[in-house]
2 protein chains.
Amino acid sequence: MLGLVTKQFSSVWTREERPPKAPGLSRDQIVRAALDLLDAEGVEGLSMRKLGARLNAGATSIYWHVANKDELLELCYDRVWVDVVVLDPETAHWRPALSTFAHSLRSTILRHPWLARLLGRIPGLGPNLLSVSDRIMRLMQRAGFEGLEISFATGTVMAYVMGQTIPEVTWRETMGKQEIQPGDLMNILEKTTADDFPELFAAFRDTRDMDPLETQRMSFSYGLECVLDGLEARVNA
Amino acid sequence: MLGLVTKQFSSVWTREERPPKAPGLSRDQIVRAALDLLDAEGVEGLSMRKLGARLNAGATSIYWHVANKDELLELCYDRVWVDVVVLDPETAHWRPALSTFAHSLRSTILRHPWLARLLGRIPGLGPNLLSVSDRIMRLMQRAGFEGLEISFATGTVMAYVMGQTIPEVTWRETMGKQEIQPGDLMNILEKTTADDFPELFAAFRDTRDMDPLETQRMSFSYGLECVLDGLEARVNA
DNA sequence: ACCTGAACACCGTTCAAGT
DNA sequence: ACCTGAACACCGTTCAAGT
């Protein structure tokens with residue numbers, strides 16, 4: 001009898017809140033969770049099952065919003081391009097604008113190291129990447145490039161940044177993580193490298209007392225200036 | 001009775017040949033089989049089980065010769081660098097030598113498309129890659145670069161080639177394979193792209209009647225000349 | 001319309017056991 | 001020294017079934 005009475009009482013405060021996933025998953029929500037997982041654990045850390053768990057959903061629920069894992073990765077890949085800075089093509093000068101873009105793209109990749117693994121795998125057709133490309137091409141066109149050269153020049157800069165940054169990421173994930181005594185590394189390299197690869201060894205000797213991250217930044221800037229010099233020579237031709 | 005007689009007869013020719021794996025697996029043999037599998041089926045086609053089967057061995061036998069799959073991939077990755085042409089640094093002029101190297105590296109990657117997927121994953125420390133790097137650096141040194149600039153210049157060329165070629169591979173594996181009517185693609189792009197991304201659309205219009213593979217080759221050469229121009233300007237500075 | 005669980009066909013890797 | 005098979009802990013994806 002008493003039991004019945006208590007059962008009749010009911011209010012928002014007594015009722016269990018419905019699980020916060022609420023009305024359902026959205027593609028946007030899924031992509032955001034996937035990005036979190038990628039940033040936290042890298043490409044290998046992202047599995048449909050883990051992603052489902054993080055969303056308080058069954059792993060297979062995701063397949064209603066997204067055809068498969070590759071499509072999900074395409075969405076993640078495109079999303080990061082919103083962070084890449086491209087100055088306004090109508091007002092900025094092309095050379096500093098390209099330099100800003102290049103450094104911005106590099107640091108975006110370094111902030112999301114999993115990008116390095118996706119670059120050889122994802123066809124970049126998302127709106128954010130297209131938008132960046134379009135604005136870079138506009139920059140090139142205003143710089144004086146014409147016709148096919150607009151694409152070629154754009155591709156050159158993009159290729160350089162990606163090609164330079166991907167190995168940087170790999171380096172940070174392998175050699176960069178372990179605390180090696182510089183002397184130890186020196187000894188290892190000295191034995192195997194000094195005789196067979198003299199130039200390589202000389203280069204290693206030159207940089208052994210420098211901060212590797214700083215050296216990589218210098219290297220990136222150096223090559224970028226080369227590329228931009230090469231482009232500038234063509235604009236004025 | 002007759003059965004016994006036949007059983008006694010024995011010779012090399014009657015005896016079943018021992019399975020051709022013979023004395024055992026060698027690391028070299030494993031790597032060669034893995035390369036075959038990679039060329040034939042790509043990175044996803046290579047599994048330890050399939051590789052074992054191809055070697056007439058248990059999948060787990062491989063683990064005696066190689067610590068894990070990543071190490072195996074490192075070995076495969078390094079192996080392809082033997083095909084990359086670097087002219088003799090002591091006799092060749094640096095600029096044509098770098099151009100030869102760049103085109104050779106590009107075509108090596110295009111011949112082994114799985115390389116594009118490994119680039120963001122493998123720390124390149126194998127002897128063949130080191131040897132190529134060493135010779136390129138020697139080339140740079142003879143060109144007139146000094147100190148850190150030897151490494152920087154080398155890294156710039158490598159970055160450019162990889163960054164340009166990786167997307168080429170991705171393109172060939174996705175868009176390149178399907179027979180799309182140019183008109184269809186045009187229609188798709190026209191709707192979504194023409195207004196939002198005018199420069200992109202203009203570029204697409206300019207190249208729609210060209211052979212995409214040829215355009216990519218032109219683009220590669222164009223950017224390479226930019227990079228080499230930029231380097232040349234620094235040598236003479 | 002959206003989500004679930006069970007099931008399928010795979011993975012890489014470990015390890016005790018064999019020869 | 002070299003190889004095996006079973007086993008473990010994962011995968012991505014499909015699909016009938018639920019609400």
Side-chain angles (χ1 to χ4, degrees), chain A residues 15-35 37-38 40-77 114 117-118 120-123 173-174, chain B residues 15-35 37-38 40-77 114 117-118 120-123 173-174:
Chain A
R15 229 189 347 254
E16 276 289 312
E17 194 184 11
R18 233 190 280 187
K21 69 174 168 175
L25 298 174
S26 70
R27 174 179 280 200
D28 200 77
Q29 196 184 151
I30 291 171
V31 173
R32 260 204 311 277
L35 284 167
L37 216 39
L38 285 168
E41 306 186 34
V43 174
E44 8 251 29
L46 174 63
S47 77
M48 301 305 262
R49 283 171 167 86
K50 274 199 222 171
L51 182 56
R54 178 172 285 233
L55 292 160
N56 296 328
T60 56
S61 311
I62 299 160
Y63 285 87
W64 199 88
H65 299 89
V66 143
N68 52 40
K69 193 182 179 183
D70 273 344
E71 273 200 10
L72 175 61
L73 289 176
E74 281 190 78
L75 292 168
C76 292
Y77 174 71
W114 46 271
R117 294 281 271 270
L118 257 44
R121 187 154 141 191
I122 302 287
E173 285 178 347
T174 56
Chain B
R15 228 189 347 256
E16 276 287 316
E17 194 184 11
R18 233 189 282 185
K21 69 176 167 171
L25 298 174
S26 71
R27 175 179 279 200
D28 200 76
Q29 195 183 152
I30 291 170
V31 173
R32 259 204 312 277
L35 284 167
L37 216 39
L38 285 168
E41 306 187 32
V43 174
E44 9 252 27
L46 175 63
S47 78
M48 302 305 262
R49 283 170 167 87
K50 274 199 224 172
L51 182 56
R54 178 172 285 231
L55 293 161
N56 295 328
T60 56
S61 312
I62 298 160
Y63 285 86
W64 199 88
H65 298 88
V66 143
N68 52 39
K69 193 182 179 182
D70 274 345
E71 273 201 9
L72 176 60
L73 289 175
E74 280 191 80
L75 292 168
C76 293
Y77 175 71
W114 47 271
R117 295 279 271 270
L118 257 44
R121 187 155 142 192
I122 301 288
E173 284 178 345
T174 56

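Letters A, B, ... are given to chains in the order of the sequence lines, protein chains preceding strands, and every chain is numbered from 1. Computed from a predicted model, the values in this text were never measured in an experiment.
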- Across every strand shown, the nucleotide meeting Watson-Crick or G-U wobble geometry with D:dG12 (both distances under 3.5 Å) is C:dC8

- Please report, rounded to the nearest Å, how far the P atom of D:dG12 is from the CZ atom of A:R121. 10 Å

- Task: Quick one: closest heavy-atom pair of B:V43 and B:L38, and the distance?
- Result: CA-CD2, 3.9 Å

- Query: Separation of A:M48 atom CE from D:dC10 atom P, in whole Å?
  - Reply: 18 Å

- Item | Spacing between B:K69 atom NZ and C:dT14 atom P, to the nearest angstrom | 14 Å

- Query: Roughly, in whole Å, what's the span from CG in A:L25 to C1' in C:dT4?
  - Reply: 12 Å

- Item | Closest heavy-atom pair and its distance - B:R121, B:P123 | O-CD, 3.7 Å

- Query: Within the structure shown, what part of the strands sits under 4.0 Å from B:I62 by heavy-atom distance: base, sugar-phosphate, or nothing?
  - Reply: nothing

- Note on the structure: Rounded to whole Å, OH of A:Y63 lies from P of D:dA16 at a distance of 17 Å

- Message: I'd like to know if the side chain of B:R49 reaches the main chain of B:A59, judged simply by a donor and an acceptor atom lying under 3.5 Å from each other, with no hydrogens or angles considered.
- Response: no

- Message: What's A:L46 touching, base or sugar-phosphate or nothing? Going by heavy atoms closer than 4.0 Å.
- Response: sugar-phosphate

- Message: Using the side-chain heavy atoms of A:S61, tell me which of these nucleotides is nearest: C:dT14, C:dT4, C:dC11.
- Response: C:dT4

- With a 3.5 angstrom cut-off on both distances, give the Watson-Crick or G-U wobble partner of C:dC3, or none if there isn't one. none

- Item | Atom of A:A57, atom of A:L25 and distance for their closest heavy-atom approach | CB-CD1, 4.0 Å

- Can you find a donor-acceptor pair, distance only, under 3.5 Å between B:T60 side chain and D:dG5 base? yes

- Message: Quick check: on DNA chain C, is the nucleotide nearest A:R49 upstream (toward 5') of the one nearest A:W64, or the reverse? Name the residue that is more 5'.
- Response: A:W64

- Message: In this structure, how many angstroms lie between the P atom of D:dG12 and the CD atom of A:E71, rounded?
- Response: 15 Å

- Query: Measuring from B:K50:NZ to B:L55:CG, what's the distance to the nearest 0.5 Å?
  - Reply: 14.0 Å

- Item | Listed nucleotide nearest any side-chain atom of B:S47, set D:dT14, C:dC11, D:dC3 | C:dC11

- Item | Whole angstrom value for the distance that separates C1' of C:dC3 from CD of A:Q29 | 13 Å

- Task: State whether B:H65 places a side-chain N or O below 4.0 Å from either non-bridging phosphate oxygen (OP1 or OP2) of D:dA1.
- Result: no

- Query: What is the distance from CD of B:E44 to C1' of C:dA9, rounded to the nearest Å?
  - Reply: 16 Å

